[in-house]
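All heavy atoms count here, side chains included; hydrogens, waters and symmetry mates do not.
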Amino acid sequence: VQLQASGGGLVQAGGSLRLSCVASGRVFGNYVIGWFRQAPGSEREFVAAMFWSGGTTLHADSVKGRFTISRDNAKNTVYLQMNSLKPEDTAIYYCAESFVFTTNYNQYNYWGQGTQVTVSS
C-alpha cells in the first residue's frame, strides 16, 4: 500500500484544518490507520488511529475533543479533522498503517510522506 497525506498549511490559533490520507493499492478492513506528528527536536507522537473498516477510534489525550479521525472507504481515505488548533500542534503530520491497533509508531509498517501543519499564535 502507498499512503499520501495532504491538507496541511498555515493557520492561526483557534483555526481548523482537515488532513487527508489516501491509500493506493490493497486496503484491508482489519488494518489500522494512524496519524502521528513530529515537531522539530521531538519524538514522533501518536495522534489518532482507527480501523479502515471503521468502529473503534482512539485519540491522544492532547487532542481529544479537538481532533477527530474518520474515514471514507469509497475513497480509500482517512481524515483528521483538527479544530481549535494551538501553536503546540505545529508539526509534520504523518499517516501510517499497522496490522495491529497500537499507539506505538514502531509497529506501523507503511508511512506517508508527511504534511506540515503550522499554527501561529
Side-chain angles (χ1 to χ4, degrees):
V1 69
Q2 290 186 324
L3 303 174
Q4 179 83 21
S6 64
L10 173 64
V11 64
Q12 286 190 331
S16 298
L17 284 173
R18 188 177 78 161
L19 305 184
S20 300
C21 177
V22 180
S24 58
R26 59 93 187 115
V27 171
F28 295 128
N30 57 342
Y31 286 7
V32 176
I33 284 292
W35 283 100
F36 292 81
R37 65 187 182 186
Q38 189 164 19
S42 299
E43 264 200 29
R44 196 161 293 192
E45 175 190 15
F46 170 79
V47 176
M50 71 182 302
F51 289 101
W52 273 116
S53 59
T56 302
T57 63
L58 181 65
H59 297 81
D61 288 344
S62 59
V63 305
K64 205 170 290 185
R66 299 188 299 123
F67 291 10
T68 303
I69 189 171
S70 65
R71 93 277 186 249
D72 184 334
N73 289 119
K75 297 181 179 179
N76 276 3
T77 301
V78 172
Y79 302 101
L80 185 68
Q81 178 66 44
M82 305 187 296
N83 299 327
S84 302
L85 282 160
K86 305 175 181 179
E88 50 264 44
D89 294 319
T90 295
I92 299 174
Y93 283 70
Y94 300 90
C95 59
E97 186 184 69
S98 174
F99 307 138
V100 296
F101 200 95
T102 178
T103 62
N104 184 349
Y105 67 83
N106 286 312
Q107 294 182 284
Y108 283 77
N109 306 104
Y110 301 97
W111 289 83
Q113 84 289 2
T115 184
Q116 175 72 47
V117 171
T118 303
V119 184
S120 63
S121 57

Original post:
Which of these, Phe51, Trp52, Phe101, Phe99, sits in a ring-ring contact (aromatic ring centres under 6.0 Å, His included) with Tyr31?
Top reply: Phe99
**OP:** Check the hydrophobic clustering (I, L, V, M, F, W, Y; side-chain heavy atoms under 4.5 Å; chains of links allowed) and say if Val22 and Ile92 are grouped together.
**Re:** no
**OP:** Would you check if the side chain of Arg71 reaches a backbone N or O of Ser53 as a donor-acceptor pair within less than 3.5 Å?
**Re:** yes
**OP:** Just do the side-chain contact (heavy atoms from CB on, under 4.5 Å) check on Tyr79 and Thr68 with the steps written out, would you?
**Re:** CA-CA 8 Å; Tyr79 302 101; Thr68 303; over 6 Å; no
Original post:
If you measure from CE on Met82 to CZ on Arg18, what distance do you get to the nearest 0.5 Å?
Top reply: 11.5 Å
Subject >> Check: Val119 main-chain N/O paired with Thr90 side-chain donor or acceptor under 3.5 Å >> reply: yes
Original post:
Would you say Gln113's side chain and Ala5's backbone share a donor-acceptor pair under 3.5 angstrom?
Top reply: yes
Subject >> Whether Trp111 and Tyr94 hold their rings parallel, tilted or perpendicular, with breakpoints at 30° and 60° >> reply: perpendicular
**OP:** Mind listing the closest non-hydrogen atom pair of Tyr108 and Ala49 along with its distance?
**Re:** OH-CB, 3.8 Å
**OP:** Step by step, work out the salt bridge (Lys or Arg N to Asp or Glu O under 4.0 Å) result for Asp89 and Lys86.
**Re:** CA-CA 5 Å; Asp89 294 319; Lys86 305 175 181 179; over 6 Å; no
**OP:** Please check if the side chain of His59 supplies one atom and the backbone of Gly65 the other of a donor-acceptor pair under 3.5 Å.
**Re:** no
Original post:
Applying the 4.5 Å side-chain criterion to the ILVMFWY set and letting contacts propagate, would Val11 and Leu19 be lumped into a single cluster?
Top reply: yes
Subject >> Interatomic distance, Ser16 atom OG to Phe67 atom CZ [nearest 0.5 angstrom] >> reply: 9.5 Å
Original post:
Only one of Leu3, Thr77, Leu80 forms a side-chain contact (heavy atoms from CB on, under 4.5 Å) with Ile33, so which one is it?
Top reply: Leu3
**OP:** Tell me whether Val78 is reachable from Val32 by hopping between hydrophobic residues (I, L, V, M, F, W, Y) whose side-chain heavy atoms are closer than 4.5 Å.
**Re:** no
Original post:
Does Phe46 belong to the same Ile/Leu/Val/Met/Phe/Trp/Tyr cluster as Tyr93, with side-chain heavy atoms less than 4.5 Å apart forming each link?
Top reply: no
Original post:
Closest approach of Leu85 and Leu17, non-hydrogen atoms and distance?
Top reply: CD1-N, 3.9 Å
Subject >> Over-ring placement of Arg44 relative to Phe36, 6.0 Å and 45° cut-offs >> reply: no
Original post:
Which atom names give the shortest non-hydrogen contact between Asn76 and Gly25, and what distance separates them?
Top reply: ND2-O, 4.3 Å
Original post:
Could you give the distance from OG1 (Thr103) to CD (Glu45), rounded to the nearest 0.5 Å?
Top reply: 10.5 Å
Original post:
Is Gln2 atom CD crowded by more than 12 heavy atoms from other residues, nucleotides or ligands, each under 6.0 Å away?
Top reply: no
**OP:** May I ask whether Tyr105 and Val1 are part of the same hydrophobic cluster, defined by side-chain heavy atoms of I, L, V, M, F, W, Y residues being less than 4.5 angstrom apart, directly or through others?
**Re:** no
Original post:
Can you find a heavy atom in the side chain of Glu88 that is under 4.5 Å from one in the side chain of Ser62?
Top reply: no
Subject >> Lys64, NZ: over 12 other non-hydrogen atoms inside 6.0 angstrom >> reply: yes
Original post:
Any sub-3.5 Å donor-acceptor pair from Ser121's side-chain atoms to Pro87's backbone N or O?
Top reply: no
**OP:** Search all heavy atoms of Ser98 against all heavy atoms of Gln107 and return the closest pair with its distance.
**Re:** OG-O, 2.8 Å
